[in-house]
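Because the structure is a prediction, the values reported are computed rather than measured. In the text below, chain A, chain B and the rest are named by the order of the sequence lines, each starting its count at 1.
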Amino acid sequence: MNCQELQALMCDENGSVTQLDGPQKAHLDQCEHCQQFLASISELSQLLAEDAGLSPSDQLVVETLIRVAQDKRKKERTFTPWFWLTSAAAMIALAVSFAPKFAHEVGQADMVAAKRDAQLEYFERELPAAEAPMVDKLEADPEELPATTENVVGYEMDRQVGDVLKEQVRNEMPKPAGGFDGDEEQRGMGAKEDPRRKNAPAKQKVGKDGLLDRVEETKPVSTPAEVGLRSDDGPAFRDEKKREIAETIGRVSEIELIPPKVVKRVSPNYPKQAPPLEGDVVLRVVVRRDGMVQVLNVVDSFDYDHGFIEAAEEAVQQWEFKPATSLGQPTDMETDITITFSQSEPNGPKGAWFHQLDQIQGLEFHPSHGRWANTYLPGNPRFRYLDWLWQQSPLWSQLSMEPVVPRLDVPTRQALALSLSSNRSSADGPKRALVQVAIKAAAFGTGRRPPMNITLLLHVNSYLSTADRQLIADVIDHLAAVKAPEDVIRLQTTRDPGRDQVEAFRHGPLQVAKKELLFQPQSGQATEALIAAVNGLCGEASESTQNTVLFLTNQGLSDLDDLCRVSEFAVLNGVQVSVINVGAAYGAHQGLALAGHGLLHDISEPAQARDAVQDELDAASRTVARALRLVLKLAPGVRLVDVIGSRSLDERESEVVAAAEHTLDRRLSAELGIPSDRDQDDQGVVIVIPAFLAGDTHTVLLDVVVPGQGPVVEATLRYKDLIWTRNTTLRHQLTLPGLQRSETPEQLLVMRQWLVTQTQDTLRRAYQWMNTGNHERAIQLLQAHCRLLSDYQDHLQVPDPGIEQLSLTLSTLANWISDPQVASNALQYAALALTQRPQTL
Amino acid sequence: MALFQFTPMESTAPKAVVHSDADESQWLSRHLAGDPTAFESLVHAYKKPIYGFLARCPISAAERDDLFQEIFLKIHRSAHQYDPQRPLKPWIFTIVANTARTYLARRKTAEPIPESLEDGRPSSEQVAETRDQKHRLNLLLKKLPDPQRWVLLLHCCEDITLPDVAETLNMPLGTVKTHLRRGRLALVQIWQRATLGGQS
């Protein structure tokens, strides 16, 4: 039993502690990780069972009811005139006997008048033009009405009476100034446009400080509302009895509901400490009947941590409204107000964007020691997958994303090179500075492969030809032939993933298993089997540093998406997934191989079977360094603002990283004889990178405040050099002189790297906007960023071609966003492509 | 005690809908019969669950309002198709889920892989900075693949049985169970990352 299996079990439909068997319970008792998982799952189940913490505003609910009522009415009107004629005739015939009794209860005089009006209304509305004389006749001779209209019965009677009362109540209601003429609407004439507030983009106004602010359009909801909205503050009905009856019937009046209108608007102040961000904060407020605003909660926000919500709340609380009215009387009303923070306006915080690099007041600092998250991942699987998708696109040639990497000499006598540089050439007093730490790997790998832990997962159906059967047998034989003593190779099928794992040896069990597996091939659940195989490889018992699943199949994969997700997850857990197609080639399987950070092999002849196995072994030798520990010691007086793009690890995470580092250290010592050297922790900012691939470059940017001239930081990089099989330590120090010096190209490169991180951030935010369907906002964001980049270019004496390339990319992307099919992928791709090098294994 | 079952367990969480099933099942027939209070009752009972459901999908606030109205219009227009012998909630959430699915499918044809799997560090760094857990959970749910999110929302949030969920989403029961397991697994993982990130 390992953690993954137990956790999968916990997430199962019937997952329960009581259903765990002995070994599972024992594992749970001992494993802190699984206990934490259990705690998280309990916490989540509680939260999920609760409501989402959001509810629609009153205004939205009322509008919804209005729409339904209108729809219902519209539907009623779509009946044919013939229907109405028949109905009217039936009603007339039936009402004669029942109406007097009812009329007695509600007041006979009212009833007679009401019924007359109702009939007039129906005839006027429903009768074709040819019937008009009849209406005229009815109107001309009201005395005849009692004899012809006392005919309402049953439900129809209720409906008629409801209409009658509604009509009367409406006539008695005060009409709001500039309001809507309900009579016109009632007769189906004029007012064809839906005056209801549609959730159209709200109008934007530029505030005095240049920020965009916006309020949900509050057009009067002057549609008669045939809803049961009751207001205690409504005007007194002239006849309380009528009101009572109307309410009993349930069709309370048509209510003139007018939402609040803004009379004083205050723009928010851009939070002082906030980075340059753009987005909307949506606040649920009550506009009170005195016109003042009370904020209830936050409906939505683009950011929760930089004071945007507080700034929006502060501004909105100063707004003043003409209150909402219901039945002509002021009333409290819930509504949503959207405040937009933008940096695209001339007086926005644009200037601050660049000047924040000089700002040293009011900053918060991180401790200058502790572990931080690693930001380098060899051959990011997500990027490789996108890269592959992107190459399928006809737009591929138009977007040439060259990764922006620092210029560094390729190391020759060691696996890695280290460099330190800053965006400042000097510091004559307290200054803020960016420090760039760059690591570059040797161009080629070691040519020596580490011990491997391979699972060959067979997903073959019964349409297996003899030749294909032989090819699979060849793959198994080659694996067995190249197997070194320390390698572990297993066979598994998708038919019964839990049971038929066979550890492969050159003789005996393997040959038996091979025959057995291929004798009656039958494929099963590929996804489940892949999960089981991955779990088996990254389990606690594994001592290997190189884990691979070879997914061998002779068929197209229906659950390719699921398999890709499992593969990506496998990569994060140190397991690579390669695909071997036997017989036919399936191009789509490339996605699975890329997601699994592995290779795709199509084999149709025996030589290809051998090559496939050999390629797998060669690929394993591309790692040039392992267990990298980067220690950044800040000089006395230097304070750390941030490690850009990374985050500080908490105590538990630090322990996990330290444990992984020690395990790797121990395994490498056992495998390669490189002495173990990670017994002691170093003081300073520590970042551990598990492995580094040949040809890669990676940068870490520190944001610091220096007290003046002198040493700033000392960077130490310790790693296991796999090329020279030794422990290596590189050390560099950065010192800023006090004397002013002219700008160096190195400084510009640091600035460029910083701009790249900002651009990546912008692309990610644009991607998030795209994902919520707000294309317009995503385009604005990219265009605003383009302008910032061109402003930066204006400051430079010689334009930076790297920045120009960035601007070009962003404007190209902004144009493509109109095509949602490519936009999401393009933005993600671009964000990653800026610093990731495509890994072509 | 099923400690890690997502659904009811010992949750003391108040549910928004407080009414009996018998009442519920009559609302639409009463509405069709012309009782104007019936639909109002339905709206008031379901406004919060439906709005919450939409808030947990990757849909912007303005579009959420539009969809909210559209859903109730559809409920009204399809009222004659409802069989009062069957529970109302799954029927309503079939409309809700279909509307949301259609909307999302129309909006983006290619479903992006959740960002949480993008790289090793918590990609939900913005998420991790949210002020409270409910907001954080709502944001994380938006990041799940669509089928997993539908199953989690219907089964774990709305307490609809798995066979009903299968019928609602027009999926085989086995597939629904798989989505449920994967959804929970993915949610716990990104939750843990985001929570740890938020604490740091």
- Item | Distance, nearest 0.5 Å, that separates CG of A/Leu48 from CG of B/Asp159 |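 Going from the CG atom of A/Leu48 to the CG atom of B/Asp159 covers 11.5 Å.
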- Step through the shown structure and confirm whether more than 12 heavy atoms of other residues, nucleotides or ligands are within 6.0 Å of CD on A/Gln35. yes
- Message: Pair A/Leu44, B/Arg184 - check side chain to side chain contact (heavy atoms under 4.5 Å, CB included), show working.
- Response: CA-CA 9 Å; A/Leu44 277 171; B/Arg184 282 174 171 174; over 6 Å; no
- Pick whichever of B/Leu180, B/Val176, B/Ile71, B/Leu73 has the most heavy-atom pairs under 4.5 Å with chain A.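 Most pairs with chain A among the choices: B/Leu73.
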- Taking side chain as C-beta onward, heavy atoms only, is A/Val68 less than 4.5 Å from B/Gln69? no
- Pairwise distance CG(A/Asp71) to NE2(B/His76) - rounded to 0.5 angstrom: 4.0 Å
- A/Leu47 versus B/Arg56, closest heavy-atom pair with distance: O-NH2, 3.7 Å
- When rounded to the nearest 0.5 Å, the distance separating CZ of B/Phe68 from OG1 of A/Thr64 is 5.0 Å
- Reported OG-to-CG distance for the pair A/Ser40 and B/Leu187, which is rounded to 0.5 angstrom: 10.0 Å
- Item | Spacing of CG belonging to B/Asp66 relative to CG belonging to A/Leu60, to within rounding of 0.5 Å | 9.0 Å
- Query: Do A/Glu528 and B/Thr178 come close enough that some side-chain heavy atom pair is under 4.5 Å?
  - Reply: yes
- Task: Taking all non-hydrogen atoms of both residues into account, name the closest pair between A/Phe37 and B/Val188 and its distance.
- Result: CE1-CG1, 3.4 Å
- Between B/Asp65 and A/Glu63, is a side chain to side chain contact (heavy atoms under 4.5 Å, CB included) present by the stated rule, with each step listed? CA-CA 10 Å; B/Asp65 287 1; A/Glu63 283 174 14; over 6 Å; no
- Item | chain A contact via B/Lys47 - which portion, at a heavy-atom distance below 4.5 Å |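 It is both, since atoms from each part get that close.
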- Message: Under 4.5 Å from any heavy atom of chain A, what part of B/Leu141 do you find: side chain, backbone, both or neither?
- Response: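 Contact with chain A involves the side chain of B/Leu141 alone.
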- Message: A quick test of your reading: do over 12 heavy atoms of other residues, nucleotides or ligands sit less than 6.0 Å from CG of B/Asn170?
- Response: no
- Looking only at heavy atoms, what is the nearest atom pair of A/Val61 and B/Val43, with distance?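 The answer is CG1-CG1, 3.8 Å.
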- Query: Does any heavy atom of chain A fall under 4.5 Å from the side chain of B/Leu162, the backbone, both, or neither of them?
  - Reply: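 Answer is side chain: those atoms of B/Leu162 sit under 4.5 Å from chain A.
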- Item | Minimum side-chain heavy-atom gap A/Glu43-B/Trp191 below 4.5 Å | yes
